[in-house]
Amino acid sequence: MPPYISAFQAAYIGIEVLIALVSVPGNVLVIWAVKVNQALRDATFYFIVSLAVADVAVGALVIPLAILINIGPQTYFHTCLMVACPVLILTQSSILALLAIAVDRYLRVKIPLRYKTVVTQRRAAVAIAGCWILSLVVGLTPMFGWNNLSVVEQAWAANGSVGEPVIKCEFEKVISMEYMVYFNFFVWVLPPLLLMVLIYLEVFYLIRKQLNKKVSASSGDPQKYYGKELKIAKSLALILFLFALSWLPLHILNCITLFCPTCQKPSILIYIAIFLTHGNSAMNPIVYAFRIHKFRVTFLKIWNDHFRCQPKPAIDDDLPEDKADD
């Protein structure tokens, strides 16, 4: 007999489906834009594609799995653990992609004359592959033993049951809070976020310094070059801010769970935190559309060519690099 779904669960499922319906097409559009517009094919936008791939997977994989967990099916312990791990992998991939983007922007303003020889397509591809491999290692760590199996087995054996435990599949039931707080948050989430904040502060400082001094750059026009760098850096810093705003509440709740087991956490706060983490995957394409000119132009061309059947002239690959709106 299928599990009963309450009105609250139905509302939760509806919101999750809505987020997925925005996230998947939006991020597919980002990947499509980079594919069709030569002007978007540099290291920064390759890292943005990596971020978009993770966000597509959130909408297409993590959200359906979250809905499944919310319904509360009875599963074997390791089956539930496999359902819980993808979100850890994709979150880590997003953080490392954001870090790679921050480093890329720093190099653009720190060594503008040597940037294209230092940051090649091959090195960008290696960096992206390294980010995904590291994300797999971090996200799959619970599968290697850092989980709640021993606790669940004790309760399972106390009931006189044998074999692998069958449980109601819930994230906190299989994922260790020690892993989530000490390893995931304190090592792989918080330090990279703080490092990215420092990098962007340095980027803004260097840009302002160059604009004030009017030091010559590779473009031959320092005001134009560094002005564009300032605009694109603001847009990407906004992406970082939205990511932190979306994910920190859930990690703070995890810290409360670990350090104050008797503290009551209102269910509505937990659901809001979950919605923020999933909703973040839908935010980036909206930011790109409003803040980065080349994305907006390419989005409109894709829409006109493939959905309105009103082809426009080919995109000018020589659009001013990194043009963005204030």
Are the side chains of N147 and T141 in contact, using a 4.5 Å heavy-atom criterion? no

If you round to the nearest 0.5 Å, how far is CD1 of I48 from CG of N27? 11.0 Å

Is the shortest heavy-atom distance from the side chain of M180 to the side chain of F171 under 4.5 Å? yes

Give the table of side-chain donor-acceptor pairs shorter than 3.5 Å for residues 184-199, with sequence neighbours excluded, one pair per line with atom names and distance.
none

On a heavy-atom basis, the closest approach of L276 and P249 is CD1-CG, 4.1 Å

Side-chain ion pair, R123 and D104, N-O less than 4.0 Å: no

Counting only heavy atoms not in R41 (residues, nucleotides, ligands), do more than 12 fall under 6.0 Å from its CZ? yes

CZ (R105) and CZ (F47) are apart, to the nearest 0.5 Å, by 11.0 Å

Measure the CG-OH distance between N148 and Y179 for me, rounded to the nearest 0.5 Å. 12.5 Å

Under a 4.5 Å cut-off applied to non-hydrogen side-chain atoms, are L134 and Q92 in contact? no

K265: salt bridge (Lys or Arg N to Asp or Glu O under 4.0 Å) partners, not counting sequence neighbours: E172

Would you mind listing every disulfide (SG to SG under 2.5 Å) that reaches into residues 147-201, with sequence neighbours excluded? C80-C169

Is there side-chain contact between I128 and W132, with at least one heavy-atom pair below 4.5 Å? yes

Non-neighbouring partners of Y12 that pass side chain to side chain donor-acceptor pair (under 3.5 Å), sequence neighbours left out: E16

Is a side-chain donor or acceptor of S135 paired with a backbone partner of C131 at a separation under 3.5 angstrom? yes

Is the closest side-chain heavy-atom distance between H293 and K231 below 4.5 Å? no

With side chain to side chain contact (heavy atoms under 4.5 Å, CB included) as the test, pick out the partner of V83 among V174, L65, T75. L65

Could you state the interatomic distance from CG (L18) to CD1 (I63), rounded to the nearest 0.5 Å? 9.5 Å

How far does CD1 of I232 sit from CD1 of I101, to the nearest 0.5 angstrom? 10.0 Å

List for me each residue that meets side chain to side chain donor-acceptor pair (under 3.5 Å) alongside Y271, sequence neighbours excluded, and say none if there are none. N70

Using side-chain heavy atoms (C-beta onward) and a distance below 4.5 Å, is H78 in contact with L149? yes

When rounded to the nearest 0.5 Å, the distance separating OH of Y225 from CD1 of I207 is 9.0 Å

Do the non-hydrogen side-chain atoms of I13 and V17 ever get within less than 4.5 Å of each other? yes

Quick one: do the T298 and N37 side chains pair a donor with an acceptor below 3.5 Å? yes

Partners of N284 by side chain to side chain donor-acceptor pair (under 3.5 Å), sequence neighbours excluded? D55

For F295 together with F45, are the ring centres under 6.0 Å from each other? yes

With no hydrogens and no angle check, just 3.5 Å: does a side-chain donor-acceptor pair link T91 and W247? no

Beyond-backbone contact of F243 with I95, side-chain heavy atoms, under 4.5 angstrom: yes

